[in-house]
2 protein chains.
Amino acid sequence: MPERETDRSISQTVRAQLTLRDLILTGGLRPGERISELQAVEAAGVSRTPVRMALVRLEEEGLLEAIPSGGFMVKSFSERDVLDSIEVRGTMEGLAARLAAERGVSVRDTEPMRECLAQIDELIAPAEISFDAFSAYVALNARFHALLAELSRSPPVIRQVDRASALPFASPSGFVMAQSALPEARHILVVAQEHHRIVLDAIENREGARAESIMREHARLAARNLRLAVKARGPMDLVPAAVLIKTMSSN
Amino acid sequence: MPERETDRSISQTVRAQLTLRDLILTGGLRPGERISELQAVEAAGVSRTPVRMALVRLEEEGLLEAIPSGGFMVKSFSERDVLDSIEVRGTMEGLAARLAAERGVSVRDTEPMRECLAQIDELIAPAEISFDAFSAYVALNARFHALLAELSRSPPVIRQVDRASALPFASPSGFVMAQSALPEARHILVVAQEHHRIVLDAIENREGARAESIMREHARLAARNLRLAVKARGPMDLVPAAVLIKTMSSN
DNA sequence: CGCGCTTTTTTTGTATACAGAACCCCTCTA
DNA sequence: TAGAGGGGTTCTGTATACAAAAAAAGCGCG
């Protein structure tokens, strides 16, 4: 119940969506249990109409599941589901990269990406990477991936990449924070950045197959991070969507 | 205007969604123009609330586009958009096939698919294929593709395949009817069926790469059908979503 | 004491009312 | 004549009321 007075300009539907998403991701709503609209109404501080709208959108987003008899419940995911979602995202990003390579890109298009890369380089240069640096990395990484999708210059592809990245744990930076406490942390970031560099090089040289396969492999880094984090037990708290994953929160 | 008395059991939201989708696909609503809720209300015969719900769902489906200032408009697609949507679908189906192959399937899983294949074989056996046979093919083809996605046994993958197939022109059978009038009609169906057979064989033999690439190529048959139909000028009337495609309806 | 049925209560789906914003058209001015 | 401003109209976003259906609680019966 902290009332945000800053949200006054945005629509009630968006406010409800934001509030509910946050509630789900922070574990305020347990997976599997029905979401009461009334409860959602008082949580979001708006009427039922925008809440209802928000619920539909969150279902499409993948966070909620429709109950046959009516209403919605919080979806829960197995570890396999999470890994597959990452694979889906990697596949879509691979497609975007391949199309970009095959169709060609101008230096103007890749310029912001190279700048992005340079900034990441600076972040991961030190032997020890601070927590704040990890946060900064998350933002830059997200930006790089967004720019990459746009490089395909294909609205249908961009759209599908976005949808595949919508689930928090499937997003490019889903498990970056989880790895921040890991000993392999810097190692993984260095490899990831190498992938970034290679995919850009491949695209510039119109090497479609190379661009595609490297993006697929790149996504699998996230899968590895997940497994590492699960094994290490602990850093999972840093990924908000952890509450949605079956084996670790409930078991 | 024709009141359907059969729809009494289903929810108003679904009825509105069905009515509006049909209206869009049959060209009752022009691409680019704003959809008036009031107009939609009288078309669907329900109140604004379910109409509103339906509009949101149709937006997620890809048929509508949100207008920044509010409301929705019918989306329009370039020929390139259509081809890219098909490529997206093929990529997702390729992923599904690869995962099925890699993870292995039982003969019980593939049994209904083989039956499906046998039925298609009968349909395309005659030298000349009737219009009705094409219709039957569409249904069987859709079934085969649905079964294939399920073979991955991965909810995230199935979900994404479904979403990629949601757009009528991106669906596996999107341009099948358009080709029915083409001289190459039977030829294409024979090749498609060969693809079906190969992907199943590849999956059974756990040949992931083969299964994936054949599904990609399979989807490209739809792209070829589109180009053929465009060139032939005429059979496009048989694909409902043709009204959404820019270059052929408005130009 | 447990199970099933009935009744009550809650919850969802739908309709509608209202307010504010966007859009359109008309008019006025340069 | 073209462009800018203003008033009217229409439209969307939101809130709320109502009805039907589902869930829960209470009751009776075995």
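First the proteins, then the strands, lettered A, B, ... as listed; each starts at 1.
Partners of A/E37 according to the side chain to side chain donor-acceptor pair (under 3.5 Å) rule, which considers only residues two or more places apart in sequence or in another chain, are A/R48, A/R52.
Between A/R57 and A/E61 there is no salt bridge, since no side-chain N of the basic residue sits under 4.0 Å from a carboxylate O of the acidic one. A salt bridge does not link A/E79 to A/R227: none of the charged side-chain nitrogens sits closer than 4.0 Å to a carboxylate oxygen. Ion pair A/E87/A/R80 not flagged as a salt bridge, since none of the NZ, NE, NH1 or NH2 atoms sits closer than 4.0 Å to an Asp/Glu carboxylate oxygen. Ion pair B/D84/A/R103 flagged as a salt bridge, since at least one NZ, NE, NH1 or NH2 atom sits closer than 4.0 Å to an Asp/Glu carboxylate oxygen.
Atom OG in A/S78 sits 8.0 Å away from atom CG in A/L83 (nearest 0.5 Å).
Reading DNA chain D from its 5' end, the first and the last nucleotide to sit under 4.0 Å from a heavy atom of chain A are D/dT14 to D/dA23.
For residues 46-65 of chain B, proximity to DNA chain D is found at B/R48, B/R52, defined as any non-hydrogen atom under 4.0 angstrom from a strand atom.
Between the side chains of B/D109 and B/S106, at least one donor-acceptor pair of N or O atoms lies under 3.5 Å.
If you check every strand for non-hydrogen atoms under 4.0 Å, A/I35 touches sugar and phosphate atoms only.
Taking the centre of each ring, A/F169 and A/F175 stay at or above the 6.0 Å mark.
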